[in-house]
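Each remark here refers to the structure printed beneath this line.
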Protein chains: 2
Amino acid sequence: MEDEVDRLVAAWRRERPDLDVEPLEVLSRVSRLARHLDRARRTAFAEHGLEPWEFDVLTALRRAGSPYQLSPGQLLTQTLVTSGTMTNRIDRLTGKGLVKRLPDPDDRRGVLVRLTGDGRDRADQALAGLLAHERELLAQLTSGQQGELAALLRLLVAPFDNIPG
Amino acid sequence: MEDEVDRLVAAWRRERPDLDVEPLEVLSRVSRLARHLDRARRTAFAEHGLEPWEFDVLTALRRAGSPYQLSPGQLLTQTLVTSGTMTNRIDRLTGKGLVKRLPDPDDRRGVLVRLTGDGRDRADQALAGLLAHERELLAQLTSGQQGELAALLRLLVAPFDNIPG
DNA sequence: TTTGGATATCTTGATGTCGAGATACTTGCG
DNA sequence: CGCAAGTATCTCGACATCAAGATATCCAAA
């Protein structure tokens, strides 16, 4: 089946036949798919009363394992946002009673953000909901194709994740 | 090479061994890669004095071919933003002299947004720059792998692009 | 011809994000 | 020890986005 990117690439070939627009076949699809996924995630989380950004923070803490705490700095690297954004997120999650701030006993500049019981429950529920939705989207692909796709994407992401940038 | 998603998946398998988190192998990579790409694009466009959102609008018009004009509604579907956002974007691009608004001769509710000569030049320059950057990122993959990746991504994006949603 | 629903765009107010700078504390070098 | 550079977090102002609603126009059926 054809998609928007097929149309986009065809248009460039018509308008700029001098250019090689092959890279768009991959990267424009990544960007557009991510945008669609964001919207779908927003809908999925709404069923659990969470915003996507709340999910990102809560699940990062949940994944850390008991006692479910990380520093704001660790949260930054996992969620790819700036420090000002993270401060704001922690403030709002604290207001909702989903996390709380504790002083870091080893570094008085630092803070530890810890999941509350309520926060942990919400994270677990939302994760289950998200996985159900994502499984539907991926039903287009065989299990083997999913593996291929994951492996190819890993090759592209790894440089960003390993070389500081 | 390992990436952040490998670590993320491993953490979930440790914390929630009851869940099948396989979907994250694909979709979390898509989201994270898109986020990295956004940052890289921002840097690439800065060399040409453009923001990513400006590039998106200008190139949509450029691709339309002479006389380089589209309605705001057509721009919406190509850029995946809301109508309020597009109005705002057109306002600002008009202020910079890169596009101008014309009344639609066939529909008095409507408007046509047309690229100026300056806007067209900027779009062409920025596109060349973007393709150069993207080619570097894709150097991780053989030409055959790029084709596979594009085909698999198309399977996932097509439902969004073809069924209205 | 009239009327009601659909369509195209714009307006408005709230919100989340970013970037730059401020503050407080830590670390390592001399 | 004392100081400079580095680090962790927070503050603040600007800005882009969104959702919902307002306005103007089109179109088709009665």
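Everything numeric here is computed off the predicted structure, so don't read it as measured data.
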Inset, instruction - Please check if the side chain of B:Arg122 supplies one atom and the backbone of B:Leu58 the other of a donor-acceptor pair under 3.5 Å. - result: no
Legend entry - Separation of B:Thr94 OG1 from B:Arg101 CZ (nearest 0.5 Å): 5.0 Å
Inset, instruction - Please check the phosphate of C:dT17 (OP1 and OP2 only) for any side-chain N or O of A:Arg92 closer than 4.0 Å. - result: yes
Legend entry - Within-4.5 Å side-chain heavy-atom neighbours: A:Arg89 and A:Thr79: yes
Inset, instruction - Would you kindly give the CG-to-P distance between A:Leu93 and C:dT15, to the nearest whole Å? - result: 15 Å
Legend entry - Nucleic acid contacts - residues 50-79 of chain A versus DNA chain D, non-hydrogen atoms under 4.0 Å: A:Ser71, A:Pro72, A:Gly73
Inset, instruction - Return the nearest nucleotide to the side chain of B:Ser83; candidates are C:dC25, C:dA20, D:dA20. - result: D:dA20
Inset, instruction - Would you indicate, yes or no, if D:dC26 has its OP1 or OP2 atom less than 4.0 angstrom from a side-chain nitrogen or oxygen of B:Arg108? - result: yes
Inset, instruction - Specify the separation, in whole Å, of atom CD1 of B:Ile90 and atom P of D:dA16. - result: 15 Å
Inset, instruction - Would you indicate, yes or no, if D:dC18 has its OP1 or OP2 atom less than 4.0 angstrom from a side-chain nitrogen or oxygen of B:Thr85? - result: yes
Inset, instruction - Name the closest nucleotide to the B:Thr87 side chain, picking from C:dT11, D:dA19, C:dC18. - result: C:dT11
Inset, instruction - Kindly say if B:Arg35 contacts the phosphate of C:dC18, meaning a side-chain N or O under 4.0 Å from OP1 or OP2. - result: yes
Inset, instruction - Name the nucleic acid region contacted by B:Asn88, choosing base, sugar-phosphate or nothing; use a 4.0 angstrom heavy-atom cut-off, strictly under. - result: base
Inset, instruction - Tell me whether the OP1 or OP2 atom of C:dC10 has a side-chain N or O from B:Arg101 closer than 4.0 Å. - result: yes
Inset, instruction - Could you check how far CZ of B:Arg89 sits from C1' of D:dA16, rounded to whole Å? - result: 8 Å
Legend entry - Heavy-atom side-chain proximity of B:Trp12 to A:Arg63 below 4.5 angstrom: yes
Legend entry - B:Phe45 CZ to B:His133 NE2 distance, which is reported to the nearest 0.5 Å: 9.5 Å
Legend entry - Atom pair distance, as rounded to whole Å: CG in B:Asp104 and P in C:dT7: 16 Å
Inset, instruction - Can you tell me the distance, in whole Å, between the CG atom of A:Asp107 and the P atom of D:dG6? - result: 17 Å
Inset, instruction - To the nearest 0.5 Å, tell me how far B:Leu98 CG sits from B:Leu115 CG. - result: 8.0 Å
Inset, instruction - Check if the side chain of A:Arg109 and the base of D:dT9 share a donor-acceptor pair of N or O atoms closer than 3.5 Å. - result: no
Inset, instruction - Tell me which of A:Arg42 and A:Met86 sits closer to the 5' end of DNA chain D, going by the nucleotide each one is nearest to. - result: A:Met86
Legend entry - Side-chain ion pair, B:Asp121 and B:Arg62, N-O less than 4.0 Å: no
Inset, instruction - Could you check how far CG of B:Asp38 sits from C1' of C:dG16, rounded to whole Å? - result: 15 Å
